[in-house]
Asker: 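Sharing a structure, written as structure tokens. Questions coming.
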Amino acid sequence: MIVEVAFGLPVDKTFKYILPSSFSSKKITPGVRVRAPFRSGVKIGYVVDVLKEGNREGLKEISEVLDSRPVINSDILQLTWWMAIHYYSAWGECIEASIPGLVRKGRKTVKPHKEISIKPDINFKKPRRLTPAQERAFKTIREKFNAFNVFLLFGVTASGKTEIYLRAVELALDRGKSALVLVPEIALSPQTVSRFKNRFRNIGISVLHSGLTEAQRFQEWNKIKDGESRICIGTRSAVFAPFVNLGVIIIDEEHEVSYKQDERPRYHARDLAIIRGKIFNCPVILGSATPSLESYYKAKKGEYILLELPHRIKRKKLPDVKIIDLRSEKRRGLKPLVFSQPLKVEIQSLLDRKAQAMLFLNRRGFSTSLVCLKCGYVIKCPRCEISLTYHSRAKRLICHHCNYKTEKISICPQCQSRYLIYRGFGTQKVVSELHRLFPGITTARLDSDVLRKRGVLEKIIQEFRDHKIDILVGTQIIAKGHDFPNVDLVGVILADLSLNIIDFRAGERTFSLLTQVAGRSGRGRRGGRVIIQTYNPEHYTIQTSLKQDYPSFYSQEIERRKILELPPFSQLIKLELRHKDQNKAEQKAYRIKELLGGVANRDFEILGPAPHPVPRLRGEYRWDLIIKSKNLASTLRLLYNIIGFRIRFEGVKLIVDVDPYED
Ligand code: ADP
Ligand code: ZN
Ligand code: ZN
């Protein structure tokens with residue numbers, strides 16, 4: 001017999017081997033691991049096909065068959081195959097992304113390990129009856145539960161979405177099936193886990209997240225595979241949980257950026273979950289208070305089934321939100337204005353009464369933008385409608401999206417004032433300002449830098465809960481967490497910082513963050529305050545988020561996307577070229593553009609090349625090309641035919657990112 005093997009390497013090929021007769025007693029099927037000679041050594045690979053006949057000439061023999069049962073079932077194999085094509089990755093890499101590290105390393109068993117204990121939330125009672133809106137939503141789900149359907153559960157914060165998830169899971173379990181629940185970040189939603197544990201006490205629940213050790217992860221994965229766990233709650237990679245009899249997939253906070261993996265293979269867990277639902281023929285429920293534009297658009301078109309929970313449970317009120325117009329703040333020199341006078345006063349009084357606060361800065365400001373202090377105008381690219389970045393060496397304003405360049409501007413094009421300033425500071429700056437203004441204060445910072453270290457997040461959250469920290473400063477990461485009882489002030493340092501950045505999703509993200517902030521404190525016992533600092537108090541994103549009016553935000557945002565032909569009206573592919581030599585990276589970007597530019601009948605458009613928003617990373621210069629496609633499958637095929645599948649292009653590192661997200 002001849003077997004076809006995929007390896008976890010960035011090569012777009014599978015390799016054929018002869019299966020020696022000594023192994024033929026074992027039933028070798030796709031999904032089984034083997035060891036096979038590869039290059040100068042022996043490597044673990046995954047059987048993806050078994051051929052009865054074929055040309056055996058020049059083929060090497062398999063050295064070892066590791067499994068008698070496949071470790072990857074056929075549905076997951078199919079999913080990874082789709083994933084490889086869609087995300088411009090190798091099949092073997094995608095297969096490896098779908099299994100725990102120890103399985104990749106060839107391990108077969110694991111010693112029993114201590115389970116992570118998240119206790120059931122015993123105060124979380126099953127409500128006697130659903131609200132009329134919940135009832136309507138659940139009825140629709142129940143009626144269409146037997147086949148693949150995507151539901152978008154659009155419910156404002158605290159409208160009882162979790163209860164719908166629980167009922168849907170119950171429905172799947174009643175039918176003898178299993179349930180997969182994806183959440184953006186476990187450490188910030190232990191509440192979700194404890195609610196599930198309380199509701200399903202006699203059902204095995206596996207929790208998968210980045211904080212597990214390799215052995216724990218392997219153990220949980222085995223439990224799911226063996227049917228011991230019938231519910232899996234997990235982050236991004238849990239989309240591959242090896243259930244054989246999946247009854248429902250739920251994606252909570254479907255709009256969250258953390259579902260997108262930012263290294264190879266660069267997949268989006270929500271989008272994969274939908275494909276998985278299609279392959280398994282099982283329903284998929286997306287939930288959010290602020291859906292992604294893509295999902296809401298599809299729901300509006302009828303591709304997804306829209307379910308709405310328009311009111312909060314018990315009709316709780318919105319919190320007291322105050323907007324501070326930073327344009328009217330007095331400034332000293334050209335120092336960036338971090339705290340307005342009213343916010344300083346609030347913080348002081350908070351410290352006096354020994355309460356706690358959370359301060360958000362929705363981005364780590366790597367890119368400065370040029371803003372008019374008098375009228376709030378942000379200098380933007382006329383072609384892309386995104387803010388221009390000032391390059392001090394070139395003394396020019398450059399669009400990081402399409403490379404539009406213009407001379408340095410010193411007079412505001414809108415109001416002719418000369419008060420133009422460069423802006424751009426991040427969470428670290430906020431912390432240092434806090435210590436300067438309020439000596440003796442205790443603070444902690446939570447952003448993606450901090451999150452990289454295992455356990456730090458949990459530690460900070462615990463310390464904050466124990467009031468060892470007065471003020472927690474963070475990016476949108478901390479907006480996701482549940483309530484801290486002693487927090488009665490939430491400040492948004494610069495609501496519009498993310499409106500001016502190069503990411504076309506800036507408005508969407510800002511809306512979502514502000515809504516989450518406002519939504520959170522309204523649940524509070526003491527009824528907290530929210531202070532939003534902004535240079536754009538009239539901006540539709542800020543205005544609509546104050547009232548938590550998503551439909552109004554959506555209708556304005558979707559118009560803009562339509563005019564600019566941005567997703568959901570197109571799909572983007574980002575090609576990033578990296579090299580120590582600035583010229584090489586730039587040249588190769590132009591070279592690729594040239595190669596693609598000669599194609600007739602194009603259903604895509606090329607933007608750039610332009611320097612990456614972070615133009616230099618670990619000593620390498622980065623140049624971007626953005627392809628805006630109206631037919632992704634055909635554009636990807638074309639890209640593949642023209643430049644091939646590679647991680648280097650003529651000696652320069654090449655990164656292909658489909659449906660990219662800036663972070
Ligand atoms: P969301 O997930 O939409 O933010 P939750 O599911 O957390 O909202 O619901 C908010 C609160 O309302 C929770 O404390 C939950 O127990 C409660 N709740 C949900 N559904 C009902 C209901 N039908 N009757 C009474 N309380 C409910
Ligand atoms: Zn531009
Ligand atoms: Zn102006």
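Each ligand, and each atom within it, is numbered from 1 in the order the structure gives.
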Asker: Which of these, Lys126, Lys161, Arg129, has its nearest heavy atom closest to atom 3 (O) of ligand 1?
Answerer: Lys161

Asker: Decide, yes or no, whether a salt bridge links Glu135 with Lys139 under the criterion of side-chain N to carboxylate O below 4.0 Å.
Answerer: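 So Glu135 does not pair with Lys139 through a salt bridge.
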
Asker: For ligand 1, which atoms sit closer than 4.0 Å to a heavy atom of Ser159?
Answerer: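 Counting from 1, the qualifying ligand atoms are 1 (P), 3 (O), 8 (O).
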
Asker: Got a sec, which residues hit side-chain hydrogen bond (donor to acceptor under 3.5 Å, both in side chains) with Lys126, two or more places apart in sequence or on another chain?
Answerer: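 Lys126 satisfies side-chain hydrogen bond (donor to acceptor under 3.5 Å, both in side chains) with Glu170 once adjacent residues are dropped.
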
Asker: Report yes if the distance between the aromatic ring centroids of Tyr554 and Phe154 is under 6.0 Å, otherwise no.
Answerer: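 No - the distance between ring centres of Tyr554 and Phe154 does not fall below the 6.0 Å cut-off.
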
Asker: For Glu308, what residues pass the salt bridge (Lys or Arg N to Asp or Glu O under 4.0 Å) criterion, not counting sequence neighbours?
Answerer: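 Checked Glu308 against salt bridge (Lys or Arg N to Asp or Glu O under 4.0 Å); zero matches.
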
Asker: Identify, by atom number and element, the atoms of ligand 1 in contact range of Thr131, meaning under 4.0 Å from any of its heavy atoms.
Answerer: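 Close to Thr131: 23 (N).
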
Asker: Using a strict 4.0 Å threshold on nitrogen-to-oxygen distance, state whether Glu163 and Arg199 make a salt bridge.
Answerer: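 Salt bridge between Glu163 and Arg199, a charged N being under 4.0 Å from a carboxylate O: yes.
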
Asker: For Tyr377 and Cys412, which heavy atoms make the closest approach, and how far apart are they?
Answerer: CB-SG, 4.0 Å

Asker: Less than 2.8 Å away from the Zn ion (ligand 3), how many protein N/O/S atoms can be counted, ignoring water?
Answerer: 4

Asker: Under 4.0 Å from any heavy atom of Leu130, which atoms of ligand 1 are there?
Answerer: 23 (N)

Asker: With a cutoff of 4.0 Å, is Ala158 in contact with ligand 1, counting heavy atoms of the residue only?
Answerer: yes

Asker: Identify which of Arg195, Gln134, Arg312, Glu163 has a heavy atom lying nearest to atom 13 (C) of ligand 1.
Answerer: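 When every heavy atom of Arg195, Gln134, Arg312, Glu163 is considered, Arg195 comes closest to atom 13 (C) of ligand 1.
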
Asker: Is there a polar contact, in the sense of an N or O pair closer than 3.5 Å, between Gly160 and ligand 1?
Answerer: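 By distance alone, the answer is yes.
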
Asker: Using a heavy-atom cut-off of under 4.0 Å, does the side chain or the backbone of Thr162 touch ligand 1, or both, or neither?
Answerer: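 Near ligand 1, Thr162 shows its backbone as well as its side chain.
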
Asker: Fit a plane to each ring of Tyr267 and Phe240, take the angle between them on a 0 to 90° scale, and name the class: parallel (under 30°), tilted (30 to 60°) or perpendicular (over 60°).
Answerer: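 Answer is perpendicular, since the angle exceeds 60°.
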
Asker: Between the side chains of Glu254 and Ser292, is a donor N or O closer than 3.5 angstrom to an acceptor N or O?
Answerer: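 Yes, a side-chain donor-acceptor pair sits under 3.5 Å.
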
Asker: Who pairs with Gln261 by side-chain hydrogen bond (donor to acceptor under 3.5 Å, both in side chains), at least two apart in sequence or on another chain?
Answerer: Arg236

Asker: Would you indicate whether Lys260, at its atom NZ, is surrounded by more than 12 heavy atoms from other residues, nucleotides or ligands within a distance under 6.0 Å?
Answerer: yes

Asker: Non-hydrogen atoms of Arg128 versus ligand 1: any pair closer than 4.0 Å?
Answerer: no

